[in-house]
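Not measured: the values here are computed from a predicted model. All residue numbers in this chain count up from 1 along the given sequence.
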Amino acid sequence: MHAKSSTTLPMMPSLKLIKYLIILVCPDRLRGVTESFNLNTIALNHHHLTFYNKKPITTMAAASTTDGGSGGLYGISGASWSSPSWNWGSAAGTGHDAAMICRDKFSSPVRRQEYLGVLLNGGSGESSSLDLEEAKLVLGLTVQRGRWDGTAGAYGEVMEKMASLRYEGGSQGEEKLIEDLIGRYGSVGGSVPQILAVAEADGDGGSALRVVGLVLKKMQFVETGC
């Protein structure tokens with residue numbers, strides 16, 4: 001007979017640790033509560049995790065576009081396309097932090113439909129600059145998703161130009177964004193005369209938001225998210 005081997009069962013992880021594990025495995029698709037980390041080091045050793053430089057939690061309730069005095073989206077200092085700390089496409093930077101909050105904020109079709117309505121009406125009326133910053137972020141994330149499922153059309157070029165700051169600089173950058181969105185609208189099955197009419201008929205400064213809204217609608221933002 002063989003002697004029974006003694007096995008020491010690991011301690012049950014706490015709910016807090018389980019939450020950290022979920023965030024580690026799927027940081028960009030976590031729904032409900034977002035907790036972003038600046039991880040200089042993650043040590044994985046069986047059941048042991050070591051986190052460094054944990055940032056404070058941000059809940060859905062706080063995920064408004066208002067800057068809270070920080071000068072950036074969602075109250076994050078430096079969270080704007082023109083910021084040197086934005087680092088679009090990187091896992092480290094304010095762009096990544098804002099993207100996590102943005103995806104949580106628009107995690108349900110109902111919330112996405114409401115947001116699309118805000119865009120098509122020309123914005124929330126609270127802060128036009130932050131409205132446009134968020135719209136560009138939603139557009140960029142939707143294009144990223146659309147490159148995988150084939151709904152992005154030619155808008156990958158627009159995302160790259162956003163990252164290269166073509167659309168910064170106030171009204172001139174905004175006009176370039178409108179021009180580039182209109183010029184590629186046919187690539188997602190949109191009617192160019194329709195989007196032109198929306199852009200040209202606007203008289204309240206919401207043209208860019210309305211145009212972004214039309215593009216998001218064609219890229220199935222409501223149905224599939226960003």
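By the 4.0 Å N-to-carboxylate-O rule, E133 lies close enough to K136 to be salt-bridged with it. Under a 4.0 Å N-O distance rule, the pair K176/D180 does not qualify as a salt bridge.
Within the 4.5 Å cutoff, side-chain heavy atoms of L139 are placed close to those of M162. Looking at L137 and Y74, their side chains come closer than 4.5 Å, going by heavy atoms from C-beta outward. Taking the side chain as every heavy atom from C-beta outward, I101 and I76 approach each other to under 4.5 Å. With a 4.5 Å cut-off on side-chain heavy atoms, T142 and T224 do not count as touching.
No donor-acceptor pair closer than 3.5 Å links the side chain of Y185 to the backbone N or O of V215. A donor-acceptor pair is defined here as one N or O able to donate and one able to accept, closer than 3.5 Å; no such pair exists between the side chain of R147 and the backbone of A152. Using a distance-only test at 3.5 Å, with no hydrogens or angles considered, a donor-acceptor pair links the side chain of T94 to the main chain of S85. Side-chain atoms of R166 do not come within 3.5 Å of backbone N or O of G173 as any donor-acceptor pair. S187 places a side-chain N or O within donor-acceptor distance of the main-chain N or O of R184, the cut-off being under 3.5 Å.
Residues K218 and V188 share a closest heavy-atom pair of CB-CG2, 3.6 Å.
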Practice task
Verify salt bridge (charged side-chain N to carboxylate O under 4.0 Å, His left out) between R145 and E223, making sure each step is shown before the conclusion.
Solution key: CA-CA 12 Å; R145 185 265 302 155; E223 295 83 356; over 6 Å; no

Exercise for the section: Take V138 and L119 through the test side-chain contact (heavy atoms from CB on, under 4.5 Å) and record every step on the way to the result. Expected result: CA-CA 11 Å; V138 172; L119 291 178; 5.8 Å; no

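Placement of L120 and V192 within a single hydrophobic cluster is found when ILVMFWY residues are connected by side-chain heavy-atom separations under 4.5 Å, directly or transitively. Cluster annotation: L165 is not connected to L141 through the hydrophobic network of ILVMFWY side chains, with a link wherever side-chain heavy atoms come within less than 4.5 Å.
Ring geometry for F106 against Y115 counts as tilted: the plane angle lies between 30° and 60°, on a 0 to 90° scale.
Listed by chain and residue number, N87, A92 satisfy the side-chain contact (heavy atoms from CB on, under 4.5 Å) test with S90 (two or more places apart in sequence, or in another chain).
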